[in-house]
Amino acid sequence: MLDMKYLRNNLQEITKKLEHRGEDLSDLDRFSDLDEKRRGLIVETEKLKSKRNEVSKKIPLLKKEGKDVQPVIAEMREVGDNIAELDQQLREIEEQLQQVMLSIPNIPHESVPVGEDEEDNVEVRKWGEISEFDFEVKPHWDLGTDLGILDFERAAKVTGSRFVFYKGLGARLERALWNFMMDYHAEHHGYEEMLPPYIVNRTSLTGTGQLPKFAEDAFHIEEWDYYLIPTAEVPVTNYHGQEILSEEDLPQKYVAYSGCFRSEAGSAGRDTRGLIRQHQFNKVELVQFVKPEDSYEALEQLTGHAEKILQLLKLPYRVMSMCTGDLGFTASKKYDIEVWVPNQNTYREISSCSNFEDFQARRASIRFRRGAKGKPEFVHTLNGSGLAIGRTIVAILENYQQEDGSIVVPEVLRPYMGGLKVIK
RNA sequence: GGAGGUAUACCCAAGUCUGGCUGAAGGGGUCGGUCUUGAAAACCGAAAGGGGUGUCAAAGCCCGCGGGGGUUCGAAUCCCUCUACCUCCUCCA
């Protein structure tokens, strides 16, 4: 959510900045009208309330003097009715205004490349050598199925499409990966470990920006009005919702492991096979709360933390800076890290690292105070996958495959796999 | 699931029965000082919540006593409702 005062005073400029976002901006047009109405009503209603307070205070005194207070009370009753009516109007306007504010996307940072869609994203850097295979590479779903470590068919039977069973060494590999990632970020990058709830309420999902606009992407538990989390970003960012942190608390860095649940509405037909696009997957997520002046430095660091995992796994990747049209609704700036997937002969997203500036903080009301007496200010929030585990499995299976269909276990994972060197 | 209880500011805590000088006491803590080699203690003093409106800035005004409604001229106080927490019982991984 943007700052209303800032929006009011810079409407033209902000509209211009949002134009390249490829988001629906129709709500922006309603802002000025609603904003003016709101403030007009507030002035009117407060004037009346002030009068009511003043007179109400006098009534007991008049009574004491033995005066007839009935006429005054009658008058105030009318004032009260008036207030109730105006308040009702105000409530309706504020509700509409709130919806408008929640539907306006974040402003892109000046360093974000202007562009329409993913074609215009800019490659920032590349790491690792793409390995040459002297045999025909197999897709990870064949490798996994043949080795008996992934079972898509039975998952389809038990649940439906876009689900999977990890089995045997596949399950072990998944577990090794999240243990390795959690350990590494906690021990070397200074993050505090967290295991969050997988189910959150509407307020939390609004706080991080998935609601109200993207309701169809989430799994909803109607009876409770709860949602399955699409990412640990939601519970972990909202962990400090409605709080005022002290300056010493910042930066606050958490690394969280969780399951993630996405309906993948609108992705029918895309990546229908394999682990790339599932309704449920596991992810290690990095979340930071920082002072505003530190957030862009923090974005670089956080992206580096995610990259480090790929480097240790020796998986080739590139870092893309998302252009204005591909930024998503909530980010001011976003890097996608894309890992090399041999069977597809291309790079695929494995991590997304974003700086939201105060966009989420304002929605979720996450603030901090400088010193003991500072005015509360909004923190800046950031997050990034460190990494998506399912897609890491894809990359490992495909990049580490051998001609006989066996998989070499990346060295850093071997301690987590009981010393195993090859899955065969 | 059954019975009862609690929710006031950074923390503790009065006020709620009996609505109105409560402009939300009083502590603790915080900050400054006295004393001390330094600290603690004691004493003296100070500042102190959040949001909105307004304005160049301010003053002022409005709203805040878990959230949301309502009654009333007037609500921390009365009514309804929701939520969280606590105690006991029941059930349960």
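Every chain is numbered from 1, with letters handed out A, B, ... down the list of sequences.
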- Item | OP1 or OP2 of B:G69 under 4.0 Å from side-chain N/O of A:Arg91 | yes

- Item | Donor-acceptor pair, side chain of A:Asn179 and main chain of A:Arg175, under 3.5 angstrom | yes

- Item | Residue of the set A:Lys333, A:Gln301, A:Glu357, A:His380 for which side chain to side chain donor-acceptor pair (under 3.5 Å) holds with A:Tyr296 | A:Glu357

- Figure out the CZ/C1' separation between A:Arg369 and B:C10, and round it to whole Å. 9 Å

- Message: Need to verify one output field. Residue with the more 5' nearest nucleotide on RNA chain B, A:Pro376 or A:Glu78?
- Response: A:Pro376

- Query: If you pin A:Asp35 and A:Lys57 to their nearest nucleotides in RNA chain B, which one's is more 5'?
  - Reply: A:Lys57

- Identify whether the distance between the nearest side-chain nitrogen and carboxylate oxygen of A:Arg202 and A:Asp225 falls below 4.0 Å. yes

- Message: It should be established whether A:Arg362 places a side-chain nitrogen or oxygen under 4.0 Å from OP1 or OP2 of nucleotide B:G51.
- Response: no

- Could you tell me whether A:Lys49 and A:Asp87 make a salt bridge, using a distance below 4.0 angstrom between a side-chain N and a carboxylate O? yes

- All salt bridge (Lys or Arg N to Asp or Glu O under 4.0 Å) counterparts of A:Asp117, not counting sequence neighbours: none

- Task: Determine the interatomic distance between P on B:A25 and the same-named atom on B:U87; round to the nearest Å.
- Result: 32 Å

- Item | Side-chain donor-acceptor contact under 3.5 Å, A:Tyr254 with A:Glu192 | no

- Rounded off to whole Å, could you give me the CE-to-P distance for the A:Met76 and B:G19 pair? 22 Å

- Atom pair CG/NZ of A:Leu11 and A:Lys16 - distance to nearest 0.5 Å: 13.5 Å

- What does A:Ile59 touch in the nucleic acid at a heavy-atom separation under 4.0 angstrom: a base, only the sugar-phosphate, or nothing? base

- Query: If you write RNA chain B from 5' to 3' in dot-bracket form, with Watson-Crick or G-U pairs under 3.5 Å, [ ] for crossing pairs and | for pairs with another strand, what do you get?
  - Reply: ((((((((.[[[..)....(.....]]].(((((.......)))))...((((......))))..[[[[[..)....]]]]])))))))....

- Message: What's the gap between B:G64 and B:G70 when it is taken at their P atoms, as a whole Å value?
- Response: 12 Å

- Note on the structure: Here the distance between atom P of B:G74 and atom CG of A:Leu48, to the nearest Å, is 12 Å

- Rounded distance (Å) that lies between atom P of B:C73 and atom CG of A:Leu61: 18 Å

- Query: Can a side chain N or O of A:Arg39 be found less than 4.0 Å away from OP1 or OP2 on B:G52?
  - Reply: no

- Are the charged groups of A:Glu264 and A:Arg162 less than 4.0 angstrom apart, N to O? no

- Item | Nearest-Å distance once atom C1' is located in both B:G28 and B:C21 | 28 Å

- Length of the NZ-P vector between A:Lys58 and B:G74, whole Å: 16 Å

- Can you tell me the distance, in whole Å, between the CD atom of A:Glu94 and the P atom of B:G51? 16 Å

- Note on the structure: Of the listed B:U53, B:G50, B:G20, the closest approach to the A:Val43 side chain comes from B:U53

- Rounding to the closest angstrom, what is the interatomic distance between B:G27 and B:C44 at atom P? 11 Å

- Query: What does A:Arg202 touch in the nucleic acid at a heavy-atom separation under 4.0 angstrom: a base, only the sugar-phosphate, or nothing?
  - Reply: nothing

- Task: Check whether any side-chain nitrogen or oxygen of A:Asn53 sits under 4.0 Å from OP1 or OP2 of B:C63, and answer yes or no.
- Result: yes

- For A:Lys5, answer base if it contacts any base atom (sugar-phosphate contacts may also be present), sugar-phosphate if it contacts only those atoms, and nothing otherwise; contact means non-hydrogen atoms under 4.0 Å. sugar-phosphate

- For the pair made of NZ in A:Lys51 and P in B:C62, what is the distance, rounded to whole Å? 14 Å

- Query: Say you pick atom P in B:C11 and the same atom in B:U16; how far apart are they, in whole Å?
  - Reply: 23 Å

- Item | Short side-chain N/O contact from A:Arg52 to OP1 or OP2 of B:G74, under 4.0 Å | yes

- Message: Between C1' on B:G19 and CD1 on A:Ile73, what's the gap in Å once rounded to a whole number?
- Response: 13 Å

- Message: Distance check, C1' atoms only: B:U6 and B:A76, in whole angstrom units.
- Response: 15 Å

- Under-4.0 Å side-chain N/O to phosphate OP1/OP2 contact, A:Lys49 with B:U53: no

- Task: Side chain of A:Ser50 only, please: which of B:U53, B:G50, B:C62 is the nearest?
- Result: B:C62

- Query: Can you tell me how far P in B:A47 sits from the matching atom in B:G60, rounded to whole Å?
  - Reply: 16 Å

- Query: On a whole-Å scale, what distance lies between the C1' atoms belonging to B:C86 and B:C10?
  - Reply: 23 Å

- Query: Can you name the side chain to side chain donor-acceptor pair (under 3.5 Å) partners of A:Tyr226, sequence neighbours left out?
  - Reply: none

